[in-house]
Visitor: 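Before anything else, here's the structure in question.
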Amino acid sequence: MPRPGHTVLEVPVPFGEIGIVVALLIVCLVALMLVLIARREAAAQREQATIDVAEIKNEARALLADAERRTARLSEREDELAAERRAHKELERELQARASEVAALQERAALAMSEAEQQARELLEASAGLTTEEARAELVRRTVDAATNEAAAQVRRAEAHARRTAEAKAKRIVATAVQRAAVATSAQSSITVLRLPSEEMKGRIIGKEGRNIRTFEALTGVNVLIDDTPDSVVLSCFDAERREIAQVALESLMADGRIHPQRIEAAYAEAVASADERTLAAGHDAAERAGVSGLPTELVSTMGRLRLRTSYGQNVLEHLVESALIAGAIAAEVGADIATARRAAFLHDIGKALTAEQSGAHAALGAELARRHGESPAVVNAIAAHHDDVPVETVEGVLVQAADAASAARPGARREELDQYVERMDKLEQLVTAHAGVRRALAMSAGREVRVVVEPSEVDDYALPQLAVAIAKHIEADLAYPGEIKVTVVREIRASATAG
């Protein structure tokens, strides 16, 4: 409160200036606090730096002391090494002196030995009656003779051991290869058995008064044997191609169900037309089973033709597949080229498909065919040399010969009687077809009957008996055969017209 008698002068203070003053005071306080904190941290850092410097000094002192100790030890070691060098030098001087003494002793000993050898040589020469050169020559001769005899004995023992080992290994390799490729016998017969869908199918095949079976046999040249065997019919013919065509035609007829002469002729024509497809399919299947790929189409087709070819009763295509498997197995055992051996063995008898069209050995024909279609020289040589017609140039060629022999010689693989039978049937048909007017000759009933189809324009009905007698006499004169052969001459005239 104002004192009495005093006048109070009130000066208004703006609130904004008060705020500034307060803010300045706060800033000063904060700055003061920051300064205090900074001083504390600086003091702590100075204290820590002092401690670190002390530790560094202690470490430096320890390192210095360690260096001084190592320097002292190094000096001591250098002194020891210097002493050792001096000792070594003294030892070397002693060794050199002793070496000089030893050399002198050796020289004196050598001189004494040469004198002793000379005396001994003279004594030996006097006692043996030979000079040194003669004795040396005799010793060399005896040593050489002994070494030669020993070497010869060693060679004989090595050859005998190698022969025993090689023979055992060869037997093992061939046995292993044949065992891997063991299949059922591939010998062929001259009949084909077809399963019928039902027993009443036999009546359809025979037809009314036997017209269907007569038409079928006349077209195909195959005997159809229908006996009491249930649900089966037998096709009999020595010609495998005829049997196959007859089988395909008869299977088509049975699948269709309609069997009459016109349908038989159509089925026969279809079977003949599809022969090329069957040939190509058989070639591809054989190549796949043999593990041979990349063959040209013409070679595959030629191989397929061999499905109907036999050699001593053994199917040639099956023989080639078997030979390829055996050659590949042997090549794997001996370290040869498996692909080349397998390919050459598969193709080695391909020339047999050409022997009916071209003259020459099948090995040479097959090699030439393979060369034309780009086969490698190794394969071509193996084909040409598998019967030793030309020298074998590769180990794969030798393997092809071994595989061919193994496949043909295994028990049950071949049968000579079938080939003789087929040859007799072929000769019978060729003999009959040589007569004028004969269009076709079919040997049937295992060669006991031959059916002769003549051209109706060249042979009339009155000449049929004379032709049959002439053919029978020709067969009697030129063909050796067991039993009797019945000759049936057929002359058929057909007329057809189309209405509409």
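Along the sequence shown, residues are numbered consecutively beginning with 1.
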Visitor: Just how far is it from atom CZ of F216 to atom CD1 of I205, taken to the nearest 0.5 Å?
Guide: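 Output value for this atom pair is 8.0 Å.
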Visitor: Is any side-chain heavy atom of V140 less than 4.5 Å from a side-chain heavy atom of T143?
Guide: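 A side-chain contact is absent here, since even the closest heavy-atom pair is not under 4.5 Å.
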Visitor: Picking from R451, R242, R424, what satisfies salt bridge (Lys or Arg N to Asp or Glu O under 4.0 Å) with E429?
Guide: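 Only one option passes, and that is R242.
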Visitor: Test H474 against D478 for side chain to side chain donor-acceptor pair (under 3.5 Å), laying out the working first.
Guide: CA-CA 6 Å; H474 194 180; D478 294 350; 2.7 Å; yes
Visitor: Given side chains that start at C-beta, do those of V233 and L250 come closer than 4.5 Å, heavy atoms only?
Guide: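 Heavy-atom side-chain distance check passes, below 4.5 Å.
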Visitor: Working to the nearest 0.5 angstrom, can you tell me the gap between R214 CZ and N212 CG?
Guide: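 One gets 9.0 Å once the value is rounded to the nearest 0.5 Å.
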Visitor: Check salt bridge (charged side-chain N to carboxylate O under 4.0 Å, His left out) between R305 and all other residues, then give those that pass, not counting sequence neighbours.
Guide: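 Checked R305 against salt bridge (charged side-chain N to carboxylate O under 4.0 Å, His left out); matches are E357.
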Visitor: If we ignore hydrogens and angles and just use 3.5 Å, is the side chain of D404 paired with the main-chain N or O of V400 as donor and acceptor?
Guide: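 No.
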Visitor: Looking at E199 and K202, is any side-chain nitrogen of the basic one under 4.0 Å from a carboxylate oxygen of the acidic one?
Guide: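 Yes, this pair counts.
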Visitor: I'd like to know if the side chain of N381 and the backbone of E393 have a donor-acceptor N/O pair within less than 3.5 Å.
Guide: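 Such a contact is found between N381 side chain and E393 backbone.
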Visitor: Run the numbers on V452 and T433 for side-chain contact (heavy atoms from CB on, under 4.5 Å), then give the verdict.
Guide: CA-CA 8 Å; V452 185; T433 54; over 6 Å; no
Visitor: Please name the pair of heavy atoms, one in A436 and one in V459, separated by the smallest distance, quoted to 0.1 Å.
Guide: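 Where A436 meets V459 most closely, the heavy atoms are O-CG2, 4.5 Å.
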Visitor: So E375 and P296, do their side chains get closer than 4.5 Å, heavy atoms only?
Guide: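 In short, these two side chains touch, coming nearer than 4.5 Å.
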Visitor: Does some side-chain heavy atom of H386 sit less than 4.5 Å from a side-chain heavy atom of D349?
Guide: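 Result yes, sub-4.5 Å side-chain heavy-atom pair found.
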Visitor: What's the shortest heavy-atom distance between C237 and V222, and which atoms?
Guide: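 Smallest interatomic distance, heavy atoms only, reads CB-CG2, 3.8 Å.
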Visitor: Walk me through it: do E150 and R157 pass the test salt bridge (charged side-chain N to carboxylate O under 4.0 Å, His left out)?
Guide: CA-CA 11 Å; E150 180 64 22; R157 286 193 291 270; 3.6 Å; yes
Visitor: Can you find a pair of side-chain heavy atoms, one from V487 and one from E449, that are under 4.5 Å apart?
Guide: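 V487 vs E449: side chains apart.
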Visitor: Looking at CG of D231 and CE of M201, how far apart are the two atoms once the value is rounded to the nearest 0.5 Å?
Guide: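 Atom-to-atom, D231:CG and M201:CE are 10.5 Å apart.
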Visitor: Between V469 and Q466, does the side-chain contact (heavy atoms from CB on, under 4.5 Å) criterion hold? Intermediate values first, please.
Guide: CA-CA 5 Å; V469 172; Q466 290 85 353; 5.8 Å; no
Visitor: So V248 and R278, do their side chains get closer than 4.5 Å, heavy atoms only?
Guide: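 Yes, close enough: below the 4.5 Å cut-off.
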Visitor: Begin from the C-alpha positions of I259 and I264 and carry the test side-chain contact (heavy atoms from CB on, under 4.5 Å) through to its verdict.
Guide: CA-CA 6 Å; I259 304 179; I264 291 173; 4.1 Å; yes
Visitor: Kindly say whether D337 contributes a backbone atom to a donor-acceptor pair with the side chain of E396 at under 3.5 angstrom?
Guide: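 At least one qualifying donor-acceptor pair exists.
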Visitor: Work out which heavy atom in A336 is nearest to a heavy atom in L399; give both atom names and the distance.
Guide: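 So the two residues come closest at CB-CD1, 3.8 Å.
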Visitor: Going by side chain to side chain donor-acceptor pair (under 3.5 Å), name the residues that satisfy it together with R440, two or more places apart in sequence or in a different chain.
Guide: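 Expected list: none.
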Visitor: To the closest 0.5 Å, what do you measure between CD1 (I213) and CG (N223)?
Guide: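 It comes to 9.0 Å.
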Visitor: For the NE2 atom of H284 and the OG atom of S301, what is their distance to the nearest 0.5 Å?
Guide: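 Reported value, rounded in 0.5 Å steps: 8.5 Å.
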Visitor: Check G366 against I350 and note the closest heavy-atom contact, atom names and distance.
Guide: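 Nearest heavy atoms, G366 then I350: CA-CG2, 3.7 Å.
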Visitor: Is the shortest side-chain N to carboxylate O distance from E200 to R204 below 4.0 Å?
Guide: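 The answer is yes: the pair qualifies as a salt bridge.
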Visitor: Would you indicate whether the side-chain heavy atoms of E217 and L235 approach each other to under 4.5 Å?
Guide: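 The answer is no, as the side chains (C-beta and beyond) never meet within the 4.5 Å cut-off.
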Visitor: Show the nearest heavy-atom pair for residues I383 and A370, with the distance to one decimal.
Guide: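 Between these two residues, the closest heavy atoms are CD1-CB, 3.8 Å.
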Visitor: Yes or no on side chain to side chain donor-acceptor pair (under 3.5 Å) for R211 and T215, after CA distance, side-chain angles and deciding distance?
Guide: CA-CA 6 Å; R211 64 176 184 174; T215 302; over 6 Å; no
Visitor: Check whether S274 reaches the backbone of E277 with its side chain - one donor and one acceptor, N or O, closer than 3.5 Å.
Guide: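 Flag not set: sc S274 to bb E277 has no pair under 3.5 Å.
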Visitor: Below 4.0 angstrom, N of the basic side chain to O of the carboxylate: do R371 and E368 qualify?
Guide: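 A salt bridge links R371 with E368.
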Visitor: Out of curiosity, L299 CG to R372 CZ, how far, rounded to the nearest 0.5 Å?
Guide: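 So the CG of L299 and the CZ of R372 are separated by 9.0 Å.
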Visitor: Before accepting this row, confirm whether a basic side-chain N of the pair R307/E241 lies closer than 4.0 Å to the acidic partner's carboxylate O.
Guide: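 Looking at R307 and E241, the cut-off is not met.
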Visitor: Mark yes or no for whether H348, through its side chain, and A345, through its backbone, hold a donor-acceptor pair below 3.5 Å.
Guide: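 Checked: pair present.
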Visitor: Hey, is R342 close enough to E322 for a salt bridge, meaning N to O under 4.0 Å?
Guide: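 Here R342 does not pair with E322 in a salt bridge, since their nearest N and O are not under 4.0 Å apart.
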Visitor: Holding to side chain to side chain contact (heavy atoms under 4.5 Å, CB included), I want the full list of residues that pass it with D388, two or more places apart in sequence or in another chain.
Guide: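 Here the qualifying residues are V392, Q401.
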Visitor: Kindly state each residue pair satisfying salt bridge (Lys or Arg N to Asp or Glu O under 4.0 Å) with at least one member in residues 456-469, sequence neighbours excluded.
Guide: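 Every pair satisfying salt bridge (Lys or Arg N to Asp or Glu O under 4.0 Å) with a residue in residues 456-469: D461-R491.
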Visitor: Evaluate the criterion side-chain contact (heavy atoms from CB on, under 4.5 Å) for residue pair I206 and I226; output intermediate values, then yes/no.
Guide: CA-CA 9 Å; I206 296 172; I226 299 177; 3.6 Å; yes
Visitor: List for me each residue that meets ring-ring contact (aromatic ring centres under 6.0 Å, His included) alongside H387, sequence neighbours excluded, and say none if there are none.
Guide: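 Partners of H387 under the ring-ring contact (aromatic ring centres under 6.0 Å, His included) test: H362.
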Visitor: Grab the two heavy atoms, one from A331 and one from I338, that are nearest each other, plus how far apart they are.
Guide: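 For A331 and I338, the tightest heavy-atom pair comes out as CB-CA, 3.9 Å.
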Visitor: Quick check: do V234 and T192 have side-chain heavy atoms less than 4.5 Å from each other?
Guide: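 A side-chain contact is absent here, since even the closest heavy-atom pair is not under 4.5 Å.
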Visitor: By the side-chain hydrogen bond (donor to acceptor under 3.5 Å, both in side chains) test, which pairs, at least two apart or in different chains, include something from residues 250-260?
Guide: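 side-chain hydrogen bond (donor to acceptor under 3.5 Å, both in side chains) check on residues 250-260 returns Q247-E251, D256-R258, D256-R263, H260-Q262.
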Visitor: Is the number of heavy atoms from other residues, nucleotides or ligands under 6.0 Å of Q154 CD greater than 12?
Guide: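 Result for CD/Q154: enclosed.
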